[in-house]
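Right, one structure below, let's go through it.
Sequence positions, counted from 1, serve as the residue numbers for this chain. Counting convention: from 1, in listed order, for ligands and their atoms alike.
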Amino acid sequence: MPNTLWRFIDDDATFVAGNPDKVSRLYFPLVNEFGMMSSITPKLHGDIKTGQHSFLTAPVTAEDLNNTLYNRNFWLYVEGRGAWSVAFGEVDETLVEAGFLWHKVIKINKKLGVKVEVLNFVPAENEAVELMLAEVTNISKKKLRITPTLAIPIYGRSADNLRDHRHVTSLLNRIRLTEYGVVVTPTMSFDERGHKVNNLSYFVLGCQGNSDLPKGAFPTILEFSGEAGNLERPEAVLKNISPDKKSNIARQGKEAIGAIRFRTLSLGSGKSMSYIAVMGISEDSPEKIFKKFDSVEKINKALSVNKKFWVEKSKKVYFSTGDKDFDRWMKWVGVQPVFRKIFGCSFLPDFDYGRGGRGWRDLWQDSLTLLLINPEEARDCLINSFGGVRVDGSNATIIGKKQGEFIADRNNISRTWMDHGVWPFMALNLYINQSGDEDILFEKARFFESDKVDTVLEHILLQHKRPFTKIGKHGNFLLEGADWNDGLDMAKENGESAAFTAAYAGNLFDLANLLEKINYKREIIDELRQKANGLAGRMRKDEWVKINSGYSFFNGYYDNLSQRVEGDHKNGVRMTLAGQVFPIMSGVASQDQINEIYRSAKKYLWDPELKGFRLNTDFKEVQPNLGRAFGFAYGEKENGAFFSHMNVMFAYAFYKRGFAKEGFEVINSIYDMCLNTSAARIYPGIPEYFNADGRGMYDYLTGSASWLLFTMLTQVFGVRGEMGDLVIEPKLVKRQFGKSGKVSVNTGFAGKRISVNYYNPDELDYGEYKIGNISINGNSITGIPIKRELFIKLASRPTNSIDVNIVQA
Ligand code: G1P
């Protein structure tokens, strides 16, 4: 295990990892907005697909990454020295260098006398292809005679067929050998409910870096491996067999492979040669697509377009603090919501479930960041997304790829997550405050499974009415299918989520405030407030649990036997993090209660060894009356892991209520776990959770990324809108100012780029400071929030400096 898995090497957050092939389960995403989705590992493993039913290479889970042979490969046969797999053959050294959004593996094999660099990326252009450029260098003193062979098994069908009719579906394969490689166009897509004629081709085409043709190809796995060989010991390479001109018939209906043999070359000492592979999925002509990328120049051009595209995305909101690593790490966090928009919650190796698409909650979580980084697209997207709400206030649970495409339930199992009504308003409220666009409330939106249309506001009101028809014995909303915690799914009849009852109360307060600001009908505002106060008052009293040790905190749940979940128990104190987060965030918890929650969370949820807050204490028994979560080993996933999303929301809640020191501690704990790279064993970014070993799990696709960016920008840096005006309200702690005493955030507001710079020369801590002089491009400003019209008038430059002095309070 390397001590440090990776380190950043530039401000674009490019990083380099030494010997990452010694870490199992490690992967990197390659993707474009056209829908090409790949994952790649230091051993060139990982799969390439455009959806559940169109995998170019065989689908893999994290378990497969180190244990199966179905992966990208590049073989070298060096005369007199033997054969070597660049993917998994022996190496003296492996380096991975990666950035926005490309991945390069560098491997050195001294015995063979070669260094190979393999670059992979999915071009930002509108093509469903992954490109690969392999450069072979002779690092020996002698001339080497090398025969390279690219070997990419072509699976070319639905993930479902991995077990269901694997063989029968291979019979559908029509394999075409072209002068550049192999194209597989199955005649049909196999589905016993109704087979469909297929027009999609899966292809692996290649050439030399100077566009010269390859020598030939082995289009079937059997031909490549040989009867006695396999993908680890392919006879075609080991025996250095030439591809022959076998009859076409013998090659049909077989498992295919893009095994492309290049010409043998004599490579002088220090000399290099490069090879190109284009791996794609398309109904168009593969040859035509291939021609766009068939030289090193073309690949390099596509690479630079690609880098620019993703670097720009990573800089839509970026921070400059005393900790450069933090700033660079946040760039990776900032693009994670874009990844999830494309990958959904499936299609990376950790995500071995689902069939594509995102969940309802995920859609709204991600939109927090997406609307901050792409405000122009936000309006339509929000209105369309409300089309997933039903007239009874419930909603579709799966979001399709196209905007406004909804699916009622995954696998036709209908359930209602009681928290679902909470998230849309949070995103909408952010949008309205950022933009001042209150009119969106009165735009018409569809309802799911109905012909009815009504205003966005009506959708919101229905979502907040529904839970009042589902009240449990203790006065909280019923847990129903589950809440944010998907694992609390066995308390359908009587379970209650006090946690999300608080969250709804918070929304009711916020909605009342919003409607008041726009002078909406007074009766509705009063009714919303009354309801919110009713819930909050009861919770503050009835759900506040005092335990024997003298600590107190909120109870978050009742189980299906209507028993209170949290508090003293013979197995030890029971406490959940979600149970605390929402009372704080919503305003239900009083200031004193927040102080006490922090004290209790430090005592019962904080892990002193791994230094983070766990999702819950160890209940030490399964909970058939609460949910599957407690069937998981303690410390994993929804049973007591360091769950990033709930932690980030914990931090957000603290900041929102003015507890900056506590908020910082929470964010910092997650950041430290990520940067403890040898324990986390993932690349830069925030994972869904950390397990008991401190390992980052379910990397990249997590709502915590969006919440973190949102929290950093709108709370920690305090740069946000208030009905369209610009608020500047930093909650930075002293440590974040670093040595220079200056920190900045670069973001967009009202269609302008801004750089908000805070100067804290007296090294004041949060609580000690207030805002002194503020200027926009040198023009002094008085009064916060800054009126939108004034801001727009003064912000006339491509990037506008807002300088803020921090002074003694
Ligand atoms: C994942 C799911 C999310 C769910 C959470 C807890 O979290 O995507 O919908 O609420 O598990 O069960 P994520 O890390 O994506 O926020």
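- In this structure, atom 14 (O) of ligand 1 lies nearest to the protein heavy atom T702 OG1, 2.8 Å.
- K465 is linked by a side-chain contact (heavy atoms from CB on, under 4.5 Å) to K531, counting only residues two or more places apart in sequence or in another chain.
- Counting heavy atoms only, R340 comes closest to atom 15 (O) of ligand 1 of the residues R340, H420, Q336, E688.
- Considering backbone and side-chain N/O atoms, G487 never comes within less than 3.5 Å of an N/O atom of ligand 1.
- Residue-to-ligand polar distances place H645 within reach of ligand 1: an N/O pair is separated by less than 3.5 Å.
- Annotation for ligand 1: atoms under 4.0 Å from non-hydrogen atoms of D486 are 4 (C), 12 (O).
- For ligand 1, the atoms lying closer than 4.0 Å to a non-hydrogen atom of G703 are 13 (P), 14 (O), 15 (O), 16 (O).
- W360 meets the side chain to side chain donor-acceptor pair (under 3.5 Å) test with no other residue; sequence neighbours excluded.
- With hydrogens and angles ignored, the 3.5 Å screen pairs a side-chain donor or acceptor of S39 with a backbone N or O of D47.
- Of the protein's non-hydrogen atoms, the one nearest atom 8 (O) of ligand 1 is D362 OD1, 3.2 Å.
- The closest donor-acceptor contact from the side chain of N374 to the backbone of E377 lies at 3.5 Å or more, if one exists at all.
- With a 4.0 Å heavy-atom cut-off, ligand 1 is reached by the side chain of F643 but not by its N, CA, C or O.
- By the 4.5 Å heavy-atom criterion applied to side chains, Y655 and T711 are counted as neighbours.
- Ion pairing between E63 and R25 holds under the 4.0 Å rule for side-chain N and carboxylate O.
- Of all atoms in ligand 1, listed by their number and element, those nearer than 4.0 Å to a heavy atom of E638 are 6 (C), 11 (O), 12 (O).
- The minimum heavy-atom distance between N647 and F613, with the atom names listed, is ND2-O, 3.1 Å.
- At least one N or O atom of W484, backbone or side chain, sits closer than 3.5 Å to an N or O atom of ligand 1.
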